[in-house]
Every structure is written in C-alpha cells, then in structure tokens.
There are 2 protein chains.
Amino acid sequence: MQSILILCLTDPYSLKSLLQMNLNKDNTMQDYELQFKKFLLKRGLKLTRSRSLILNASFALHEHFDAEKLHSILKGMNVSLATVYRTLPLLVDAGLIQLAVRSDGRDRYEHILGHPKHAHWLCENCKTVTETNISSLLPLIEQEAKALNFTLDQITINISGTCWKCSNSEANPQS
Amino acid sequence: MQSILILCLTDPYSLKSLLQMNLNKDNTMQDYELQFKKFLLKRGLKLTRSRSLILNASFALHEHFDAEKLHSILKGMNVSLATVYRTLPLLVDAGLIQLAVRSDGRDRYEHILGHPKHAHWLCENCKTVTETNISSLLPLIEQEAKALNFTLDQITINISGTCWKCSNSEANPQS
DNA sequence: CACAAGATGAGAATGCTTTGCATTTCCTTG
DNA sequence: CAAGGAAATGCAAAGCATTCTCATCTTGTG
C-alpha cells in the first residue's frame, strides 16, 4: 500500500516529531490540502509528497517564513530547496499563502486561511514585525479597484518606521 | 576654481544633453540638494560629485527607476554602479526617495518631494504599475500608528492583480 | 501493471547587490 | 595655498537568494 506523510499540526513546536508520523492520506486531508489539490488539478499538476510536506509545514507555522526556513524544517525529509522555491508560487497562486514582507533581501510569506487581511508594521531598528487588522481600509481599496476596473489579488500594506520600544531607546543613545 | 556638475532638470528627456553643462555649485543648489547635504552633514558624510549626480538624476526622472537605470543615465560621467548602490540607501534615509516596488528581482525607487503618498497597482500579467492617491487612507493609518506608538517613516501599499486590459484579453485566450 | 506526463534533487548558473582594497577626492587646519 | 586625515570612489571580486538544467524518480490513468 502506498502511503504518504501528512501533517495536521496546529502547534509548530511539535512539528519535528510529528513529521515522523506516517499517516494514510485519505484519513487526514485538511481543508487547505483539498483546496491545493483542486487548484493543482485545474492546472494539470499533482499533489505530491514534497508539495504536501511544504504546504503542511507552512500551515504549521504561525509566523512569517521564507524558503530557507521551510527547507530547514523539512531537513532530513528529502525535500530540496529547489522544490520549496518551486512550490511557493503555487501556494501563492492557490490563494493559500501570500508574500508578507521582503526584508534583508529575503521574501517572507505567511499562510492565509483564517487569517484576516492585515498591515505589517516593520521596525527598521529591531526588525520586529507587528500586525494590525485593516478591515477598515478594505472598503476604500475595493472601491478604488472597482473604479480602476482592477481585479484584486493581493493587498500588501507595509509600514516601516520605529516602534515604541526603539524610539524610546534612541532618545537616549550611548549614554 | 573647483566647479562641479549640477543638474536642475524638470524635463527628463533633455537629461543627457544637460548633463554636459558645467555649472557653478552655489548658483544651482536645489531644495532637495540642500536637504541631502544637511542629512549627510549630520552623519559626517560629504556631498560629493557622484552623489550629487545620482540625486539629480533621480529627481529628473518622473517614473520608477532602479540602480541600473541611474547608472546608464550617468554613463560617461564616471559614476560607478557600486556608488549608485551605495548612494541609494542614503537617499532613502534622507527621505528623498523611497522603494516603490520590487519586481523581476529588482528594487525600483521613486523620488518623494512633491509626490503625494500613493498606492501601486501592479498587474501581474503585463507588469504595468498604476498609481493612485491614498489620502483617504492616510488618516486611518496615522490613527493606528498613534495607537501603536509607532513613528511612521514609509507607507507602502502595493496591490497586485489583473488590470482592466489584461482581464479582458484573458477572457478570450488563444482564440 | 505499464506508460506518459509531471515532479524532484543536486548542483550549476543567474543576476542583483555588496564588499575589499588601492587610489582619489574632499574639507579642515595651519 | 599646502598638507593631512577622513571619506568616497572605481574596479573587480565576491555574496546570496532564487532559478534553471537534466538525469532520475513519482504519480495517476487506462
């Protein structure tokens, strides 16, 4: 019998150990996996072991991640970095993850499901990213989209500056 | 007498020819140059020939630009690509330019002075970038910033999707 | 269970961006 | 106006995230 590794984690900390589990596919398919499978089928692509692992690792993380991070989580599971890079755009197109911010020359993603649209507040000093809800902004943006006849896909609102903590410590430097 | 090249263009199309002009520094200093000089002084840095050329080339362009573009505009003026790359972050820190979008693996900037805050609408198909005013969104963002005690620096609103033109031609593909 | 289309891993390649270093330019001080 | 030290520059050589190549392996179908 052919079986594949499937993760159904909500807790990122137990990820590594649970990655060892070898469950039957049909019993554990998650919503997002079904969504991904549907999307792939429509494109004549397949839901493979690697893609499933990458998808589940993404959803197990409740923080921003980049290709390298996913790859390191899947270390020892024989998933190459190239495949991670090949899979990320698929997940984006499938509407499962989105590019959150780009900082330090790396693209950082986040999963979307059950994750309301939000803005990222990036502190230029300590690099911390804070999130806030943007539901109040959405109607205005959608209205503008309609005016432009623009089909919305992703909305990215990134605000950079200095967070409360850092602007306090900058106020009294090296003293 | 020491003199340097200074540009004071509003018309990008005559850039190349005007780059030949050799004007006296003190007669032609622009607002943005003064601002840059002040910024550099504060950091113990100098407003040099190369930096001045790069700054002026940036402000002569009324479109997005990347390092390569500035470098090609300044071809023959003995400004190295490395210096362009070294200067861009300075201009950003000085509040004179900002990172507009990153597409095709390149960072594209735009100058800020007299340029009201706006959103970028990037068509994923034809890569066209449209700009719209975001003055209606600003109060909401500033209010949120106050709540977070966050010192605003840059606000980036990038919206990707499909523009009117492309969604029309996608509707009847290869037929 | 064979087959064709897709997918993968490994590593080479790509291309933007950064860095090291010897040389030049800049500004201040006599 | 010359000297001197700090900064800046050009050039070429990395760095580094991401993409590509290609031989091999998987996947779902008939």
For B:Ile97 and B:Phe65: C-alpha separation, side-chain torsions, deciding distance, then whether side chain to side chain contact (heavy atoms under 4.5 Å, CB included) applies. CA-CA 10 Å; B:Ile97 68 172; B:Phe65 57 86; 4.3 Å; yes
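- Between the CG atom of B:Leu81 and the P atom of D:dA12 there is a distance of 13 Å, given to the nearest Å.
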Stepwise side chain to side chain contact (heavy atoms under 4.5 Å, CB included) check, A:Asp153 with B:Thr162: CA-CA 8 Å; A:Asp153 181 14; B:Thr162 314; over 6 Å; no
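- Using a 4.5 Å heavy-atom cutoff, the side chains of B:Val92 and B:Leu99 are not in contact.
- Screening residues 135-163 of chain A for ring-ring contact (aromatic ring centres under 6.0 Å, His included), with sequence neighbours left out, gives A:Phe150-B:Trp121.
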Check the pair A:Lys46 / A:Leu40 against side chain to side chain contact (heavy atoms under 4.5 Å, CB included), numbers first and verdict last. CA-CA 6 Å; A:Lys46 299 162 183 169; A:Leu40 291 171; over 6 Å; no
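- Under the salt bridge (Lys or Arg N to Asp or Glu O under 4.0 Å) criterion, the residue pairs touching residues 92-106 of chain B are B:Arg43-B:Asp93, B:Asp66-B:Arg106, B:Arg102-B:Asp107, with sequence neighbours excluded.
- Atoms CG (B:Leu74) and P (D:dG10) sit 10 Å apart, rounded to a whole Å.
- Taking side-chain N and O atoms only, A:Thr87 has no distance below 4.0 Å to OP1 or OP2 of C:dA7.
- Remark: P of C:dC26 and CG of B:Leu53 are 11 Å apart, rounded to the nearest angstrom.
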Distances under 3.5 Å between protein N/O atoms and the N/O atoms of nucleotides 20-22 of chain C, please, pair by pair.
residue, atom, partner, partner atom, Å
C:dG20, O6, B:Arg86, NH1, 3.3

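- The salt bridge (Lys or Arg N to Asp or Glu O under 4.0 Å) analysis of residues 77-86 of chain B, with sequence neighbours excluded, yields no pairs.
- With sequence neighbours left out, the side-chain hydrogen bond (donor to acceptor under 3.5 Å, both in side chains) criterion links A:Ser160 to A:Glu124.
- Summarising the geometry, the separation between NE2 on B:His71 and C1' on D:dG10 is reported as 10 Å, rounded to the nearest angstrom.
- Annotation: ring-ring contact (aromatic ring centres under 6.0 Å, His included) contacts involving residues 76-111 of chain B, sequence neighbours excluded, comprise B:Phe59-B:His111, B:His62-B:His111.
- Residue A:Thr83 places at least one side-chain N or O closer than 4.0 Å to OP1 or OP2 of C:dG9.
- Per the geometry, NZ belonging to A:Lys75 stands 13 Å off P belonging to C:dA10, to the nearest Å.
- Under a 4.5 Å side-chain heavy-atom criterion applied to ILVMFWY residues, the cluster that includes A:Val129 comprises A:Leu122 as well.
- Taking atom CG on A:Leu41 and atom C1' on D:dG28, their separation rounds to 10 Å, with Å as the unit.
- Fit an axis to the five pairs at each end of the helix from C:dC1-D:dG30 to C:dG30-D:dC1 and the two axes sit 30° apart, to the nearest 10 degrees.
- Across B:Phe36 and B:Arg51, no two heavy atoms sit closer than the pair CE2-CB, 4.0 Å.
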Return a table of donor-acceptor pairs under 3.5 angstrom between the side chains of residues 141-148 of chain A and protein atoms on other chains or two or more places apart.
none

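- The shortest distance between the side-chain N/O atoms of A:Ser50 and the OP1/OP2 oxygens of C:dG9 is below 4.0 Å.
- Between B:Glu68 and B:Lys46, the residue whose closest nucleotide on DNA chain C is further toward the 5' end is B:Glu68.
- For the pair A:Asp66 CG and D:dC16 C1', the computed distance is 13 Å after rounding to whole Å.
- An OP1 or OP2 oxygen of C:dT8 is reached within less than 4.0 angstrom by a side-chain nitrogen or oxygen of A:Arg51.
- Remark: A:Ile54 CD1 to A:His71 NE2 distance equals 9.0 Å, nearest 0.5 Å.
- Scanning residues 98-109 of chain B for heavy-atom distances under 4.0 Å to DNA chain C yields B:Arg102, B:Gly105, B:Arg106, B:Asp107.
- Checking the phosphate oxygens (OP1, OP2) of D:dT9, a side-chain nitrogen or oxygen of B:Thr48 falls inside 4.0 Å.
- Partners of A:Ser80 by side-chain hydrogen bond (donor to acceptor under 3.5 Å, both in side chains), not counting sequence neighbours, listed by chain and number: A:Thr83.
- The stretch residues 90-97 of chain A has no heavy atom under 4.0 angstrom from DNA chain C at all.
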Give the C-alpha distance, both sets of side-chain angles, the deciding distance and a yes or no for side chain to side chain contact (heavy atoms under 4.5 Å, CB included) between A:Thr87 and A:Leu70. CA-CA 11 Å; A:Thr87 304; A:Leu70 291 182; over 6 Å; no
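- A:Arg49 places its CZ atom 8 Å from the P atom of D:dT27, with the value rounded to the nearest Å.
- Not one side-chain nitrogen or oxygen of B:Tyr85 sits closer than 4.0 Å to the OP1 or OP2 atom of C:dT18.
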